[in-house]
Amino acid sequence: MVERINELKLQAKERIGLATSSNDIENLRVEYLGKKGKVVEILKDLKNIEPEKRKEIAMVANQAKDEIEKNLELKKEEIKEKEYENKINNTKKVDLTLPTDLNIGSLHPITIVQKEVEEIFESMGFTVEDGNEVETEYNNFEAVNVPKHHPARDMQDTFWLENGQLLKTQTSAAQNRIMKKYGTPLKAIFPGRCFRNEELDASHENTFFQMEGMMIDKDVSIANLIYFMKTLLSEIFKKDVDVRLRPGYFPFVEPGFELDIKCLYCGGKGCKVCKHGGWIELCPCGMIHPNVLKMGGIDPEENSGFAFGLGLSRLAMMKYGINDLRILNSCDLRSLKQLGIK
Ligand code: FA5
């Protein structure tokens, strides 16, 4: 009987060696180790063996069973690997490094301008910070010195959420959080999407981009503010552009200014872009109000600073000579092509 068992073991080994698929392996497993398999058949005959020899033969049979099991397992793994390799070899290969002439899209003009402005300010030591789109009423208004019922709130018709929060109307909403996070000295810009329930026209959208900037330290003055604004505009437009600074009122700055740029679309003659005034409001700014510094945890006796709220969408509009801001939100790829952006 031991001979029969050894023969069976050898036969199984040979046949397992010849198997070429997972199916073959499964069939062999059933044939040798299944309930009605060859190993069980032999074990059935144990009852006909004298009891003294039975134990020894049972041991040989079990060893044979283990060995067949092990061989099946090893072959199964080998076949699996081969099948995987074949699958990979037969899959169509794509060379991701090949050049393509497909129309694969590009950055949005506002994003391009935003990146440019970020680089300019980073080169002057400013960090770029993030703001939220959903904001608390406190951050958007109260922390920038616009308490409830202040008439300045009327200038920003706001989208309120049912939970009492709002879609931020201005990037100034991040001022308080950033002052508390970094303290002084502080040099930061924070771009972001803003939302207002506006009457739409060529220079007003309900969803638009601003870029806020703040510099706070000892002895920061209006001269610093004008220097940074001038550097920004000459770097962006790569040519001298006419700007004017006039007094402007914002509760969070004192004194406050409106920085206007001569309409690059009509050269200042007046058109629908500049509402026939020849100038476009681009970047209100001013010296940060002491109340705003205090609310941000900064001592106004020791420090001063400037803040500005650059209209990024309008800047992109001027830079690309677009005569209607709404084109930028239109998702019309033809307009990108016209701007020379592929
Ligand atoms: C503000 O939003 C102030 N937070 C800016 C500021 C910051 C002042 C820090 C002082 C210190 P204003 O509402 O004017 O200000 O908006 C700022 C700029 O955003 C505008 O000059 C304009 O360029 C742009 N802007 C405002 N409303 C719209 C709109 N509906 N569509 C497109 N651009 C807009």
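Both counts, for ligands and for their atoms, begin at 1 and track the order of listing. In this text, all values refer to a predicted model and were calculated from it rather than measured experimentally.
Of all atoms in ligand 1, listed by their number and element, those nearer than 4.0 Å to a heavy atom of Phe308 are 7 (C), 9 (C). With ligand atoms numbered from 1 in the order given, ligand 1 contributes 27 (N), 29 (C), 30 (N) to contacts under 4.0 Å with heavy atoms of Glu198.
Protein heavy atom in closest approach to atom 4 (N) of ligand 1: Gln170 OE1, 2.6 Å. Counting only heavy atoms of the protein, atom 24 (C) of ligand 1 lies nearest to Gly311 CA, 3.8 Å. Atom 9 (C) of ligand 1 has as its closest protein heavy atom Glu212 OE2, 3.4 Å. For atom 17 (C) of ligand 1, the nearest non-hydrogen atom of the protein is Gln210 NE2, 3.2 Å. Atom 12 (P) of ligand 1 has Arg196 NH2, 3.9 Å as its closest protein atom, hydrogens excluded (heavy atom only). Among all protein heavy atoms, the one lying closest to atom 32 (C) of ligand 1 is Leu325 CD2, 3.4 Å. Annotation: atom 14 (O) of ligand 1 to nearest protein heavy atom, Pro284 CG, 3.5 Å. Nearest protein heavy-atom contact of atom 31 (N) of ligand 1 is Glu205 N, 3.1 Å.
Within the 4.5 Å cutoff, the side chain of Trp279 has no heavy atoms near those of the Cys274 side chain.
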### Message
salt bridge (Lys or Arg N to Asp or Glu O under 4.0 Å) for Lys275 and Glu281? Distances and angles first, verdict last.
### Response
CA-CA 11 Å; Lys275 289 194 183 154; Glu281 278 178 19; over 6 Å; no
### Message
Does Lys13 form a salt bridge (Lys or Arg N to Asp or Glu O under 4.0 Å) with Glu67? I'd like the steps, not just the answer.
### Response
CA-CA 9 Å; Lys13 194 175 176 189; Glu67 203 175 313; 5.3 Å; no
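Ion pairing between Arg196 and Asp157 fails under the 4.0 Å rule for side-chain N and carboxylate O. We find that Glu137 and Lys168 are not joined by a salt bridge, their nearest charged nitrogen and carboxylate oxygen being 4.0 Å or further apart. At a threshold of 4.0 Å, the pair Lys115-Glu118 does not count as salt-bridged, since none of the basic side-chain nitrogens sits closer than that to a carboxylate oxygen. For the pair Lys87 and Glu83, the salt-bridge criterion is not met [side-chain N within less than 4.0 Å of a carboxylate O]. A salt bridge is defined here as a Lys NZ or Arg NE, NH1 or NH2 lying under 4.0 Å from an Asp or Glu carboxylate O, and Lys75 with Glu78 meets this definition.
Nearest-residue assignment for atom 6 (C) of ligand 1 (options Phe209, Phe252, Phe208; heavy-atom criterion): Phe252.
Ligand 1 has no atom lying under 4.0 Å from any heavy atom of Gly248. Heavy atoms of Cys285 approach ligand 1 to within less than 4.0 angstrom.
Outside the 6.0 Å centre-distance limit, the rings of Phe237 and Tyr320 are not counted as a close aromatic pair.
Note: no N/O pair closer than 3.5 Å links His204 and ligand 1 by distance alone. Where the criterion is an N or O separation shorter than 3.5 Å, residue side chain and backbone included, Ser172 meets it with respect to ligand 1.
Between Phe306 and Phe126, the two ring planes are tilted [angle within 30° to 60°].
Counting heavy atoms under 4.0 Å from ligand 1, residue Ser203 touches it through the backbone alone.
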